[in-house]
Amino acid sequence: MTQPAKRQFSVYLPVELIRRVKHASVDADESLSSFVERALEDHLRRSETPSEERP
C-alpha cells in the first residue's frame, strides 16, 4: 500500500506545548510527525458531526 503524499506544514505554538508534544511523542515511541498527525486525526474524528463525516 502506498503512503499518501506529505508536505511540510509550519505552525507557531507556545514553547511549553512544543516541549510537551515532543516528550509525548518520545514516550509513545513515535516520530513527532506521526504523533501530531495521529493527534490531529483523532481530534477531527471526535469533533465531526454526522453530516460532516466522510463516506
Side-chain angles (χ1 to χ4, degrees):
M1 185 167 134
T2 59
Q3 295 288 328
K6 296 189 177 192
R7 296 180 73 181
Q8 186 173 352
F9 176 68
S10 299
V11 296
Y12 292 89
L13 300 170
V15 172
E16 180 60 18
L17 178 58
I18 293 169
R19 185 189 67 76
R20 291 171 53 211
V21 169
K22 285 182 177 181
H23 282 277
S25 72
V26 169
D27 292 344
D29 197 28
E30 286 185 76
S31 70
L32 182 58
S33 292
S34 294
F35 183 85
V36 172
E37 179 180 357
R38 184 172 52 82
L40 290 171
E41 288 285 359
D42 289 349
H43 174 77
L44 291 173
R45 195 173 299 110
R46 284 191 311 271
S47 65
E48 285 179 336
T49 62
S51 63
E52 293 174 328
E53 289 179 359
R54 295 182 189 110

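A quick note: this is a predicted structure, and the numbers were derived from the prediction, not measured.
Rounding to the nearest 0.5 Å places CD of Glu41 at 11.5 Å from CZ of Arg46.
Contact detail for Val21 and Leu32: the closest heavy-atom pair is CG1-CD1, 3.6 Å. Pairing each heavy atom of Ser25 with each of Ser31, the nearest pair is CB-O, 4.1 Å.
Applying the salt bridge (charged side-chain N to carboxylate O under 4.0 Å, His left out) rule to Arg19 yields the partners Glu16; only residues at least two apart in sequence or on another chain are considered.
Crowding of Asp29 atom CG: a count of heavy atoms from other residues, nucleotides or ligands under 6.0 Å not exceeding 12.
Note on Val15: it does not cluster hydrophobically with Tyr12, by side-chain heavy-atom contacts below 4.5 Å among ILVMFWY residues. No continuous path of ILVMFWY side-chain contacts below 4.5 Å connects Val26 to Ile18, so the two sit in separate hydrophobic clusters.
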